[in-house]
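A, B, ... follow the sequence lines: proteins, then strands. Residue 1 opens every chain.
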Amino acid sequence: MAILGAINPMLSVGLDGDNAWRLADYVKRGGYSALRRVLEGKLPQEQVINEVKKSVLRGRGGAGFPTGLKWSFMPRSFPGDKYVVCNSDEGEPGTFKDRDILRYNPHSVIEGMVIAGYAMGAGRGYNYIHGEIWEIYERFEEALAEARAAGFLGANILGSGFNFELFAHHGYGAYICGEETALLESIEGKKGQPRFKPPFPASFGLYGKPTTINNTETFASVPYIINLGGEAYLDAGKANNGGTKLFSVSGHVNRPGNYEVPLGTPFATLLEMAGGVRHGRKLKACIPGGSSAPVVPAAAMMECTMDYDSISKAGSMLGSGAVIVMDETTCMVKALERLSFFYYEESCGQCTPCREGTSWLYKVVHRIEHGHGRPDDLDLLSSVTSNIMGRTICALGDAASMPVQSFIKHFRDEFAYHIEHRKCLVPVELQRAGSGFFKASV
Amino acid sequence: MLSSQSIARIDREIAKYPADQKQSAVMAALAIAQEELGWLPGEAIEFVAGYLAMPPIAALEVATFYNMYDLKPVGKYKISVCTNLPCMLSGGVDAGEYLKKKLGIGYNETTADGLITLKEGECMGACGDAPVMIVNNRRMCSWMDPEQIDKLLAELK
């Protein structure tokens with residue numbers, strides 16, 4: 001099964017069976033009816049954008065920016081080329097929902113992108129797909145061929161006079177390309193180094209033309225908004241947090257996987273759907289929105305509902321909806337060491353505070369983890385993070401800093417113990433058992 | 001330098017972009033070249049640059065920036081293991097250690113018979129399937145417990 005569990009789902013309805021991703025199956029379950037409604041009903045562009053605004057669909061890639069508002073920034077009457085780009089460069093540790101959308105429901109993304117192209121007067125689109133999920137990239141190419149053959153892409157779509165071409169572009173191993181302007185550089189055949197903003201992509205995007213970039217799940221939600229109406233979509237979630245959302249639950253749970261639930265669903269419910277904490281162990285902490293989001297200790301997390309506002313109140317971010325669950329077998333220093341290594345490895349090297357700072361963060365956390373920590377290391381880490389944050393072109397520097405700050409804030413004792421005793425508070429055997437790799441040792 | 005099949009594939013990639021934006025196909029073209037040659041020697045990068053009418057240094061920048069390109073020869077099979085946090089919590093690090101022991105090599109090393117190169121990868125976007133690994137940048141292997149790893153290694157022999 002594609003999605004392991006759901007409450008009042010939209011995106012994951014009817015995805016059972018090996019052919020659910022094919023055009024015929026998609027059409028059978030109502031696919032491309034939203035595009036027909038828009039094109040055959042000659043809906044004004046403004047009205048499509050207004051429906052998306054009313055739905056309060058917020059960007060599903062991580063930033064949570066209102067999609068309708070973003071679409072309204074595009075200069076629709078600009079006479080030259082305009083682009084819509086889908087960000088399927090899903091590499092935020094913990095996130096694996098777009099992979100399943102593309103695997104099981106690729107035509108919902110295509111339909112959403114064609115509608116977006118129509119609403120913003122763009123004639124061409126690209127879907128940038130994470131290089132590591134090659135089989136999914138190949139499948140998307142096949143889905144595109146199906147859509148072209150059926151007349152949902154190309155010239156004069158459904159006899160409307162509207163032309164839209166869509167192509168797939170693959171990444172090849174660079175986390176930074178999930179940043180929208182790095183992604184544009186990458187499509188242009190360059191190193192994926194983020195651009196200064198402003199100018200924003202809506203005025204200077206791909207090849208210097210007006211461009212709107214949205215996440216895979218965002219585009220996939222558009223047909224449902226058009227069919228249901230913006231207000232009904234909003235009502236499916238919670239005020240200011242429209243609709244349902246896919247949550248990728250990973251780490252120490254019995255049933256890791258994707259779950260579609262209305263925004264505003266209690267974390268406790270989601271955790272239960274994922275089979276609870278592995279082996280009935282105690283929850284220690286959770287990163288609720290992908291590795292860049294601040295960690296939240298168990299007690300505070302159990303009070304949260306899964307929506308942008310509640311998670312933000314708990315001091316973190318809903319981000320991409322990647323819920324990384326950690327139980328009592330987790331060494332927080334080791335967990336942070338691995339995350340810090342990731343940001344050090346993936347910093348594009350363009351801005352000095354990030355290039356040098358992520359290296360410092362990793363090296364200092366590494367030495368704490370390996371018993372060489374110094375008494376003032378926690379202050380040093382704090383100073384490095386505050387010298388990175390807000391001083392770089394893109395958000396990667398902040399993303400590297402927030403885990404460091406939050407891990408130390410909430411688990412300071414554990415870091416202090418490592419420095420003082422040169423070993424871990426959590427027994428090594430327990431940590432090993434926690435991963436469940438060697439079943440005999442559990 | 002490249003076979004006519006590879007050139008035909010590169011041409012299909014070029015056709016995805018506006019006529020004056022051939023350089024957009026460089027990532028795909030380098031991937032296709034690597035697929036044929038097993039890795040990316042300097043001549044291949046230069047060839048791709050020439051074919052796309054871009055400066056060789058710009059193609060080299062791309063080849064060195066993205067980590068799935070291999071700028072040195074690798075074994076017949078390259079296994080990249082994800083050890084990032086979500087995978088680590090479900091045995092990604094242990095899976096890497098298990099492979100090292102089984103193959104008698106460390107990360108970024110190749111077995112003496114030239115069969116397998118082991119790499120530590122970054123997040124592959126499949127954390128729900130942890131532990132995960134990718135063979136030759138193409139085939140994702142999910143839920144790789146000791147038994148599954150043994151099976152994979154037997155298959156690659």
**Student:** Cut-off 3.5 Å, no hydrogens considered: what does the side-chain donor-acceptor table look like for residues 40-51 of chain B, sequence neighbours left out?
**Tutor:**
unit_1 : atom_1 : unit_2 : atom_2 : d
B/Y51  : OH     : B/D11  : OD1    : 2.6
B/Y51  : OH     : B/D11  : OD2    : 3.4

**Student:** Relative to chain B, which segment of A/L336 carries a heavy atom at a distance below 4.5 Å: side chain, backbone, both, or neither?
**Tutor:** neither
**Student:** Tell me, for B/D129 versus chain A, whether the close heavy atoms (under 4.5 Å) come from the side chain, the backbone, both or neither.
**Tutor:** side chain
**Student:** Listed by chain and number, what are the salt bridge (charged side-chain N to carboxylate O under 4.0 Å, His left out) partners of B/E155, not counting sequence neighbours?
**Tutor:** B/R139
**Student:** Which atoms of A/K97 come close to chain B, meaning under 4.5 Å heavy atom to heavy atom: side chain ones, backbone ones, both, or neither?
**Tutor:** neither
**Student:** Looking at A/F437 and B/P131, what are the two nearest heavy atoms and their distance?
**Tutor:** CD1-CG, 4.2 Å
**Student:** Heavy atoms only: give me the nearest B/M27-A/S186 pair and the separation to one decimal.
**Tutor:** SD-OG, 3.1 Å
**Student:** Can you tell me which portion of B/S80 sits under 4.5 Å from chain A's heavy atoms? Options are side chain, backbone, both or neither.
**Tutor:** neither
**Student:** Contact part of A/L166 toward chain B, heavy-atom cut-off under 4.5 Å: side chain, backbone, both or neither?
**Tutor:** neither
**Student:** Does the side chain of A/Y172 reach to within under 4.5 Å of the side chain of B/N137, using non-hydrogen atoms?
**Tutor:** yes
**Student:** What part of A/C177 lies closer than 4.5 angstrom to a heavy atom of chain B: side chain, backbone, both or neither?
**Tutor:** side chain
**Student:** Counting heavy-atom pairs under 4.5 Å to chain A, which of B/A95, B/A25, B/C82 comes out on top?
**Tutor:** B/A95
**Student:** Using a strict 4.0 Å threshold on nitrogen-to-oxygen distance, state whether A/E141 and B/K16 make a salt bridge.
**Tutor:** yes
**Student:** Considering all heavy atoms of both residues, which atom of A/P93 and which atom of B/C127 are nearest to each other, and what is their separation?
**Tutor:** C-SG, 4.4 Å
**Student:** I want to check something: taking the side chain as every heavy atom from C-beta on, are B/T83 and A/R338 in contact at a cut-off of under 4.5 Å?
**Tutor:** yes
**Student:** Specify which of A/E346, A/R124, A/E92, A/E90 makes the most heavy-atom pairs with chain B at under 4.5 Å.
**Tutor:** A/R124
**Student:** Taking all atoms of both residues into account, what is the closest heavy-atom pair of A/Y126 and B/P18, and its distance?
**Tutor:** OH-CD, 3.6 Å
**Student:** Suppose the criterion is side-chain hydrogen bond (donor to acceptor under 3.5 Å, both in side chains): which pairs have a residue in residues 85-98 of chain B, not counting sequence neighbours?
**Tutor:** A/R278-B/S90, A/S435-B/D94, B/E97-B/K100, B/Y98-B/D150
**Student:** Pick from B/E122, B/M140, B/M124, B/M144: which one has the most heavy-atom pairs with chain A under 4.5 Å?
**Tutor:** B/E122
**Student:** Quick check on B/I134 against chain A: is it the side chain, the backbone, both or neither that has a heavy atom closer than 4.5 Å?
**Tutor:** side chain
**Student:** Do B/L89 and A/D327 have side chains that approach each other closer than 4.5 Å (heavy atoms only, starting at C-beta)?
**Tutor:** no
**Student:** Could you tell me whether a side-chain N or O of B/Q23 sits under 3.5 Å from a main-chain N or O of A/G189, the two making a donor and an acceptor?
**Tutor:** yes
**Student:** Measuring only between side-chain heavy atoms, which start at C-beta, is A/E132 closer than 4.5 Å to B/M68?
**Tutor:** yes
**Student:** When only heavy atoms count and the cut-off is under 4.5 Å, which of residues 52-67 of chain B reach chain A?
**Tutor:** B/M54, B/E61, B/V62, B/F65, B/Y66, B/N67
**Student:** Top residue by heavy-atom pair count (under 4.5 Å) with chain A, among B/A31, B/S24, B/G121, B/G128?
**Tutor:** B/S24
**Student:** What part of B/A130 gets within 4.5 angstrom of chain A, counting heavy atoms only: side chain, backbone, both, or neither?
**Tutor:** neither
**Student:** Would B/Y17 and A/F167 satisfy ring pair (Phe, Tyr, Trp, His ring centres under 6.0 Å), going step by step from the backbone distance to the final call?
**Tutor:** CA-CA 9 Å; B/Y17 308 97; A/F167 302 95; 7.3 Å; no
**Student:** Return the minimal non-hydrogen interatomic distance between A/H130 and B/C123, and the atom names on each side.
**Tutor:** CE1-O, 3.4 Å
